[in-house]
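In what follows, every chain begins at residue 1, and chains take the letters A, B, ... in the order their sequences are listed.
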There are 2 protein chains.
Amino acid sequence: MSDFRYAVNVMPKPGILDPQGRAVELSLPHLHVTNVSKVRVGRRVELTVTADSEAEGRTVVDGLAKELLSNPLIEVYAIELLEGTSSVTSKVPAL
Amino acid sequence: MSDFRYAVNVMPKPGILDPQGRAVELSLPHLHVTNVSKVRVGRRVELTVTADSEAEGRTVVDGLAKELLSNPLIEVYAIELLEGTSSVTSKVPAL
């Protein structure tokens, strides 16, 4: 059994209203930013799965993403396998 | 001028309380999931920058991440350059 760290990125579906993204867009002029557009705000959930294989871990994450972490009617999700404990704190860039 | 699409992943700093992550952890037993741990919930903001170069675009995103999209006292952020319009809807895996 190994520990695998995943991120689930949950974003509003294209065409679905995104009030948070709109709020960010509306505050851009106050920061004198004029070259930013198409802002969408979603969630990112990072979690650790203890499993026999990466494929088995991913199946667990996929189930959670569908049942608990996203609303499939209005959101889409994507799963990332992370190196280290968090893509945000690790020294290795996510790219 | 070209359009560059970025994602900013904002996560609670290690050690900072994360009530949303805790809520997910507490609901796992109800879904009969016992092999998931260390859940952290953050935000993901995707946006398009019109700039002369990727480096220039990234500077704009970095400024926004600091001033508008994250609270540096309790959160850390990481910037990703995306292919296509969204990592979640594109066919190319983010890895």
Answer with side chain, backbone, both or neither: which region of A:Ser27 has an atom nearer than 4.5 Å to a non-hydrogen atom of chain B?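 Just its side chain gets close to chain B.
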
Note, [X] side chain near [Y] side chain (heavy atom, < 4.5 Å):
| X | Y | value |
| --- | --- | --- |
| A:Thr48 | B:Val39 | no |
| A:Leu64 | B:Leu28 | yes |
| A:Val24 | B:Leu68 | yes |
| A:Leu31 | B:Glu67 | yes |
| A:Glu46 | B:Lys38 | no |

A:Thr50: which residues meet the side-chain contact (heavy atoms from CB on, under 4.5 Å) condition with it, sequence neighbours left out?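 A:Thr50 satisfies side-chain contact (heavy atoms from CB on, under 4.5 Å) with A:Met1, A:Asp3, B:Asn35 only.
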
Could I get the full list of side-chain contact (heavy atoms from CB on, under 4.5 Å) partners for A:Glu75, not counting sequence neighbours?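 Residues passing side-chain contact (heavy atoms from CB on, under 4.5 Å) with A:Glu75: A:Val10, A:Arg43, A:Ser70, A:Asn71.
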
What part of B:Val33 is in contact with chain A, defined as an atom under 4.5 angstrom from a non-hydrogen atom: side chain, backbone, both or neither?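 Interface part for B:Val33: side chain.
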
Residue selection (most heavy-atom pairs with chain B, distance under 4.5 Å) from A:Val60, A:Val41, A:Val36: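 Top option by heavy-atom pairs under 4.5 Å: A:Val36.
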
Verify same cluster id: B:Leu17, B:Ile74 (apolar side-chain graph, 4.5 Å):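 Different clusters: B:Leu17 never reaches B:Ile74 through Ile, Leu, Val, Met, Phe, Trp or Tyr contacts under 4.5 Å.
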
Out of B:Thr34, B:Val8, B:Val49, return the one with the most heavy atom pairs under 4.5 angstrom to chain A.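 Option with the top pair count is B:Val49.
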
